[in-house]
Amino acid sequence: PFAPAHLDSQEAHDSKAKTGHPIPPDRDVPVVAAPPALDGKLDDPIWTDATRAWPLVLPAGATPRERTDAWMAIAGTTLYLGMRCQDSAMEKLKAEVSEHDGPVYGDDCVEILLDTKRDRKTYHHLVVNALGTRFDAGPGRDIAWNHAWEAKTHRGADFWSVEVALPLAAFSPSPELSSTWGVNLCRSNHKAGEFSSTAVPESAIFHCPALFPGARIPDDALAQMRIVPEELELMRTPEGGLRFAGRLANRTGAPQQVEVRGGDAASPWTSGVIAVPSGGRAAFAVDDFPGSPDAPEARIRGIVHAAGAT
């Protein structure tokens, strides 16, 4: 329940947070036939077929006075999240921020933290208040990260709810994108002083990726959001050196600027920036590739990064 600008002081407490309760078991995210109407009402068939997420609890696993339920599902190339926030004082609901990337987290809101690499360090941070105003930040607290995700909210007599649509193409393409994502679904109920989440730290800290429970994403869905290497070849050059070449197939649904990198500190290599069109392919080549041209075989390990990523 803190602004990204406050994360440094917040993360200073991570060593304490990581002593929290056991991480909840992984859950499967199903693929369903049809998306919701995306009106925030949670009354479409998708939510019947969706996986119910882990309970949102207070620090140390305590039960909040105001319950929050959450669901997860994939339809087509989009991840859908639904959250229903019980609220016995709807007339006091704090919902003031209307500007995108404003201090939405200061309102009564839900927060979604996604560690798509499952490295337990980096994550995307999404926030929606009861007005439907959005805040988003990429890994490394990158406030400039913006993508075409959507959120719609609905208010009932004693609850408010939100439906979120996250295109899979919003996340960094990589052949090594984890099939299990760390997911922390959170709620900031400021007027009640309750900050609940699916991760279970010892204090009210949402940004503790080491504690995020895992959501298993189906392989068929992941295949739609990857940059996939094809036709890889290592060959001798006329000059007697090595050349590593191939093609990259873009399945993310959007044009991508990527680099293929590998090696170690002593002999790193990179393809340089490659523009791969949406649904298309692009060739790449690494000349002066490190290694011995006389070796009978070679094992090559590299990673496709978004251009400029570390």
Side-chain angles (χ1 to χ4, degrees), residues 1-2 4 7 10-11 13-31 50-61 68-74 78-83 105 110-128 135-142 145 147 149 164-188 195-219 221-222 225-226 303 305-306 309-310:
F2 299 95
L7 287 180
Q10 184 173 326
E11 288 174 353
H13 299 288
D14 266 5
S15 59
K16 179 180 178 181
K18 291 174 184 176
T19 65
H21 290 237
I23 298 174
D26 294 352
R27 297 201 174 177
D28 294 316
V29 181
V31 175
T51 289
R52 182 180 286 271
W54 315 266
L56 273 73
V57 297
L58 299 174
T68 306
D69 295 296
W71 296 265
M72 307 178 289
I74 290 173
T78 302
L79 171 65
Y80 291 93
L81 301 171
M83 298 179 70
Y105 31 77
V110 298
E111 303 193 31
I112 301 163
L113 292 86
L114 299 174
D115 172 10
T116 60
K117 296 180 181 179
R118 202 70 193 282
D119 59 9
R120 295 178 171 84
K121 295 179 181 179
T122 58
Y123 51 90
H124 293 76
H125 181 204
L126 315 175
V127 188
V128 184
F135 168 93
D136 45 26
R141 312 169 199 170
D142 180 10
W145 185 89
H147 210 282
W149 64 284
V164 176
L166 298 170
L168 296 178
F171 304 102
S172 297
S174 171
E176 296 188 351
L177 189 74
S178 177
S179 60
T180 301
W181 292 7
V183 176
N184 197 14
L185 304 178
C186 316
R187 177 185 177 186
S188 293
F195 303 96
S196 55
S197 62
T198 54
V200 192
E202 288 294 328
S203 54
I205 298 174
F206 293 166
H207 300 259
C208 47
L211 298 181
F212 292 0
R216 289 187 291 260
I217 310 297
D219 288 341
L222 285 177
M225 57 185 301
R226 283 183 167 144
I303 298 177
H305 289 269
T310 58

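These numbers were taken from a predicted model, which means no experiment stands behind them.
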| message | Determine whether I217 and V29 satisfy the following criterion, side-chain contact (heavy atoms from CB on, under 4.5 Å), listing intermediate values before the conclusion. | response | CA-CA 6 Å; I217 310 297; V29 181; 4.1 Å; yes
Can you name the closest pair of heavy atoms from [X] and [Y] and give their distance?
X	Y	value
S188	F195	OG-CD2, 3.6 Å
P213	I23	CA-CG2, 3.7 Å
G182	R118	N-CD, 3.4 Å
L211	V200	CD1-O, 4.0 Å
S203	P59	C-CG, 3.6 Å
P201	I205	CG-O, 3.4 Å

| Would you say the side chains of T68 and R187 form a donor-acceptor pair under 3.5 Å? |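 The criterion, which ignores hydrogens and geometry beyond distance, is satisfied for R187 and T68.
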Just verifying a value: how many Å separate [X] [atom1] and [Y] [atom2], rounded to the nearest 0.5 Å?
X	Y	atom1	atom2	answer
H125	C186	NE2	SG	7.0 Å
T180	D28	OG1	CG	8.5 Å
M83	W71	CE	CH2	9.5 Å
L126	H147	CG	NE2	11.5 Å
L166	H124	CG	NE2	10.0 Å

Counting distance only, does the side-chain N/O of [X] pair as donor-acceptor with the main-chain N or O of [Y] below 3.5 Å?
X	Y	value
T198	L185	yes
N184	F212	no
R27	A53	yes

| said: Assess the residue pair L79 and W181 against the criterion (side-chain contact (heavy atoms from CB on, under 4.5 Å)); give the C-alpha distance rounded to whole Å, side-chain angles, the decisive distance to 0.1 Å, and a yes or no. | reply: CA-CA 12 Å; L79 171 65; W181 292 7; 4.1 Å; yes
| Are D69 and R52 within salt-bridge range, i.e. N to O under 4.0 Å? |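 Yes, charged N to carboxylate O under 4.0 Å.
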| said: Centroid separation under 6.0 Å, is that true for the rings of Y123 and H207? | reply: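 Yes: the rings meet the under 6.0 Å criterion.
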